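Presented below is the structure to which this report refers.
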Amino acid sequence: MLFTFPEQAVDGTRQTPSTSNPYPQHTGQEQGKEDKPGSEDQPQDGTQFSGSVQEQGKEKQSDSEDEPRDQSSSSGSAMHLDENEEMIITNIRATDVALGLRRLPAGFYIMVCHSGLEWRTENKPSSVNDDVVEWSGSIPLPSGLSAIVRLELYASFEFWPMLGTGECLRKLTIAVEQVLDRNANGVPFTFFARDGIVVSPCSSIFVTIKRSKCRRSDPSAPRDLVPFRSTTEPRGELEDATNKGHGALSRYRKHGGKKDLERSITAFEWALGACPPNHPCRAAAQSNLAMAKFILCQVEDRDVSLEVPLGLFRTALVTRPVGHVDRPSTLIHLAMVHFARFEKRRDEVDGARGEALLREAMELSSTGSHENRAAAFLLRLHAGRRVDPVHASHQSLVELHSPSPITDDDPRNLGVHLLRRFQRFGDLADLQQAIALLQRSVRSSVWNARDHVELGNLGIALWHRFHRPNKAKYLNNLGSSFGMRFERLGELKDLEETISTLRDAVALYPHGHPDKPDCLGNLGLSIQLRFDRLGQLSDLEDSISTLREVVNLIPYGHTDRPRYLGNLGNSLATCFQRLGKLSDLEDAISTLRLAVDLCPLGHPSKLGYLRQLGDSVGLRFRHLWQLSDLEDAILILRDADNLTPRGHPDKPLSLNSFGNSLRARFERVGELSDLERSVSMLRDAAVLTPHGHPQKPLHLTHLNISLIARFNRLGELSDLEEAISTLRDALELTPHDHPHKAFCLHSLGNSFFIRFRHLGEPRDLENAILMSRDAIDLTPHDHLQKHYRLNGLGNSLITRFMHLGELSDLENAILAHRGAADLIPHSHAKRHDCFANLGISLITRFECLEKLSDLEDAISLFSNAVNLTPHGHPDRPRHLTDLGMSFVSRFKRLGELSDLEDAITLYSLAASTPVGPVNDRFHASQKWISCARRIRHRSLLHAYATAIAILPQLAWVGLSLKHRYTELKQGTDVVREAAATALDAGLPETAVEWLEQGRSIVWGELFQLRSSHEELSSAHPDHARRLLDLSAALDSAGATREKSLPTFLEQAQDSETLQQVADRHRMLAIKRDKLLQEIRRFPGFKRFLLQKDFSQLRASAHSGPVVFLNAAESRCDALVVLADVDHVIHVPLPKFNFQRSTGLRNVLGKLLHGRDMGSGDREGGQATRRGLSWESLLSALWSGVVKLVLDALAFSDPGDLSRIFWCPTGPFVFLPFHAAGLYGTQHSSPGHKVFDFVISSYVPTLSILAQPPNPRVASSSGLRLLVVPQPPSDGQDHLKGQRWLKNPHAPPSWNPLSALSRKYLG
């Protein structure tokens, strides 16, 4: 049974119901027996309705790529070809080609595609006995082993001539090397069932390959098949229209949408119109249209319209005389129309004609053919219909190759058999016909009042005692059928019919009858379905009461007891989600544990019970926040998912549950790999759930929640956009009166709110408020999740107040947050959030109205939020920061220094905790710094050290490069001010360490690995190799992410999307982080690839002094590092401050702008005329910075040039220190410019200069070349033989750092 949506918090895990069959069917002696797995006489234990649509023709084939079940890599048996050898396909063998096929096939063929050409094999029929087709013929293969070949298996529905491609059953894209390997080892390509379908056509394909001499060198060799067409050759309009018609008809058969049926008719009508009377495919076009029209007649229940398909089939039959290979199938279709008219008019002529047509079809077809089997079945079925008309569709012949053919003429047994087949294959036509047959069975068992006269009182009593249970049995099966159709199509009237029919059945069963528990169980589940659909609390209570009664009726040890316990446990968990009573959840968990324990290992229903139990334990975790519950839930759900094979109808449910539990662990522990796996699993669950399935909106909503969680953690805008798009789809698929509608609206409103905070678009905030209000209106007051919706509305309203200043928004936000705090149960794990939100609203009102009572209330609420949040909880840093903020507000109002000191303590706790969102902790560290600087608190240096340590986590290696630089912008001021504070404290070495740490987050990773790899390789070679491979893959994936979309699409070698590249990039980063943790546990590698201290750093200055230039608000300094000096040479720059350095950067910009605007001279004429000049800029740098540094280094003699490396920060990054000096005529002698003393270079970090542990000395005889591009010098001739290519947009030649680096490394 596939259930609809129990209500669920935006951060909660839904309770997924069991897939145990809620509607068992019984026939005769089967009453009360256990459902036996594997017995075709027993119903399947789980209803299986979901599945992917097998499209016809080319309309959807691109979406149906198959992958082999056993994707073994090449064993190396395929050898390179000699020059005169070639490879030829000589034989292809496919098994189970008709298994699961929903139409009567005429034949099957293979299409082989490569090198821009298509080869088509012979169209051959299969036998119902072995269902194997084998094709022989020579088809050449490409010579390259890595060349790609595509194999496509098709079913045709006319043997000859064919119109259209038919239905694509399998599509396999493989390399030639794989084909050779399978051929050499005798291993076929075996396939999974299509997603959501238990069986699919074609279970394996084996390709036989022969090596031979090239045909050009061996004229006696057999000739290849001629290519059918080029892959780029357009198909004709007639073929395209036919393929579209088949595709739409296939979708209708699967989903029952009338629009698809109408589309198929339109396409087939167009195709028939395009066929002239003498066209060889006209009979095929007539048959296609006749079939679609015939289905429409039965859908609309109009026998008058049967004349149209009747005429079309008759005309087609005329053009297919005796001996024509397609005559038997045409006879069968024509007979079906006659039988349909017979059922409406009861005209024996139609019945006799249909029988005659079927007998002719049997005579003309072989015994083992599908046509012969179909004709025999229809004759048996018609014999049972002659007593009473039964509504049935043309699809009665579907699955005639089933291992359990229908042989019983009793419509009751036939109806039950069709139900079983529907459960197995999911064909809606089987379910529709089963309902019709079961309705007939119920009508035939009605008591006829005329029999009162013929029977005495004793006879009547005996009649009732015998027939009442039989009728109850028919009603039970009929009610079950209505329930299945409701779950498939979502029509509420079917659910009402289910409940009404099952109530009648329960009333007819006497007390103590062995089948009564089954019927009561079906009734209880159906009532719960109605609760899930309409949200009426009385239905939920009625359902639990009914299911408890069922459990009480079933004795201990009964084989059905696990099923009833599972159903009761699911209802109790649903009740907890609705009302929030913890006792209901505890009862649900204990009941489900008992169901799991009692269910035998290997029983199909055990998967459902495990999943329900895991979801229920996960619910308890979300309510009580006990980590043991979470680990228990993940363990259970992992087992359930591992035991659910790919292609199983419940696979989306298991992926959804497991993915939700992993997201919960991420929220609790902060392990990013859990979140990545959660997104991947929930995305798979959404994709595997067919469009129109009742579970689709819920799976999309849970995917949205995980995407939002990843956006909040990593800030990737693509996650936010995908989350909103996904939830829009979910909202569109959810009926307005569905209880899940409020969940979707709340989640979408939350997504809009988050996007507003990120992008600032006012429309997003308005949408968030509108959707939050709609969600609240649709949520009952006593609903467990009401507080989530009120909190969402309050957050949006207070945000709008902050932007627009409307006091009514603030008051309404306080009302919403207060309502949430009042509604949330005392035991709920998220109670702290409600207190914190209300506290934020009150402190906002205090800042607006200065009412001290609001501030005191906010402090009390924040204190409660902190006390309710355990240590290690990811929300604790945020609540500590909120409480600290409230103390700062009270300090500003009352001036009590103790409040500010308390705030510093709280901020330090928030920033130093190892668990919690990185942005929250970094924000706390900034608050800590601000307060500590205000009173020169003793913890100021510790605050800076904590903030700098958080920076690498902000700019995590798994983010895109642009995103990493954006995150680092938050820390640039922090690093510079930290260095200045360290200098104030007399700690220049600490200042250098911090500057290096802050600037090497991106640059340092590359060079540290290069310098440290040799040491690791000698001690732990396997880890060194893995780290090198992971780093290379990470670098490649990161580079791919930086490409623009057109460039990516142009260069992409496979079908990987940018989103998949980003996912792979993050997973590689997670693996690398875990590997580094392993390496750091080795002796001697505790600080591997971590920041070095000054004693290690100074060795990098081996080629000359490295000068850090730091520009902070309070001071500017130069810090000189020398390899052979164990301390930093600190050179204060008293003539400079932050404003002065920023002003010179602006002067430089104006000078460069003046040059670009047209002066063309190196003096920047226009800028000079405005009072700015290069001389003044360069002299300021000389006197204020460079001269002081050179003096500190005792560089007093010009001409003896040494190397010097400038490492500027902030606005210093943009200034040309290498050209600093005095340039007037009076300073033309050496000694007044920097290049008179040193050769300047620029470095982004000190570590970039580090030498490897054992540098290899290059041979003196080897040629080495250094090329430095230099623009033409003033007054000098060009070098001979060279051309200067001027790029007007290139950065100035004096600064080698890229524009992006200059922008963010400051």
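Since the structure is predicted, the reported quantities are computational estimates derived from the model, not experimental observations.
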For the pair I904 and I935, evaluate side chain to side chain contact (heavy atoms under 4.5 Å, CB included) and give the outcome as yes or no after the intermediate values. CA-CA 11 Å; I904 289 173; I935 59 174; 3.9 Å; yes
I'd like to know whether T779 forms a side chain to side chain contact (heavy atoms under 4.5 Å, CB included) with H746, so could you lay out the CA-CA distance, the side-chain angles of the two residues, the decisive distance to 0.1 Å, and finally the verdict. CA-CA 10 Å; T779 306; H746 169 69; over 6 Å; no
Evaluation steps, salt bridge (Lys or Arg N to Asp or Glu O under 4.0 Å), between K830 and D875: CA-CA 10 Å; K830 287 292 183 179; D875 289 341; 3.7 Å; yes
Dump the intermediate steps for salt bridge (Lys or Arg N to Asp or Glu O under 4.0 Å) on E676 and R713, then the final yes or no. CA-CA 11 Å; E676 289 295 327; R713 171 63 178 84; over 6 Å; no
Give the intermediate values and the outcome of side chain to side chain contact (heavy atoms under 4.5 Å, CB included) for residues L983 and L1119. CA-CA 10 Å; L983 292 173; L1119 302 170; 3.6 Å; yes
Between L823 and H781, does a side chain to side chain contact (heavy atoms under 4.5 Å, CB included) hold up when you go through it step by step? CA-CA 9 Å; L823 283 175; H781 182 72; 3.7 Å; yes
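Scanning for side-chain hydrogen bond (donor to acceptor under 3.5 Å, both in side chains) contacts around E1113 gives Q1139, with sequence neighbours left out. Partners of D857 by side chain to side chain contact (heavy atoms under 4.5 Å, CB included), not counting sequence neighbours, listed by chain and number: L842.
Using a 4.5 Å heavy-atom threshold, the side chains of L815 and N812 count as touching. In this structure, T701 and H740 have side chains that are in contact, with non-hydrogen atoms separated by less than 4.5 Å. Within the 4.5 Å cutoff, no side-chain heavy atoms of D854 are placed close to those of I843. Inter-residue side-chain proximity for L883 and I859 is flagged as met; some heavy-atom pair is nearer than 4.5 Å. R620 places none of its side-chain heavy atoms less than 4.5 Å from the side chain of F576. The shortest distance between side-chain heavy atoms of L1144 and F1136 falls below 4.5 Å. Side-chain contact between S889 and F846: present, with at least one pair of heavy atoms (C-beta onward) separated by less than 4.5 Å.
With respect to the salt-bridge test (charged N to carboxylate O, under 4.0 angstrom), the residues D629 and R668 do not qualify. A salt bridge links D984 to R1115: at least one charged side-chain nitrogen sits closer than 4.0 Å to a carboxylate oxygen. Between E667 and R622 there is a salt bridge, since a side-chain N of the basic residue sits under 4.0 Å from a carboxylate O of the acidic one.
Side-chain polar atoms of S706 and R663 form a donor-acceptor pair below 3.5 angstrom. Looking only at atom types and distance, the side chain of H817 has no donor-acceptor partner in the side chain of N837 under 3.5 Å away.
Aromatic ring centres of H873 and H879: separated by at least 6.0 Å. Taking the six-membered ring where the residue is Trp, the centroids of W928 and H942 are separated by under 6.0 Å.
Of all the heavy atoms in L838 and L861, the pair that sits closest is CG-CD1, 3.6 Å.
Between W994 and Y944, the ring planes are tilted. Angles from 30° to 60° get that label.
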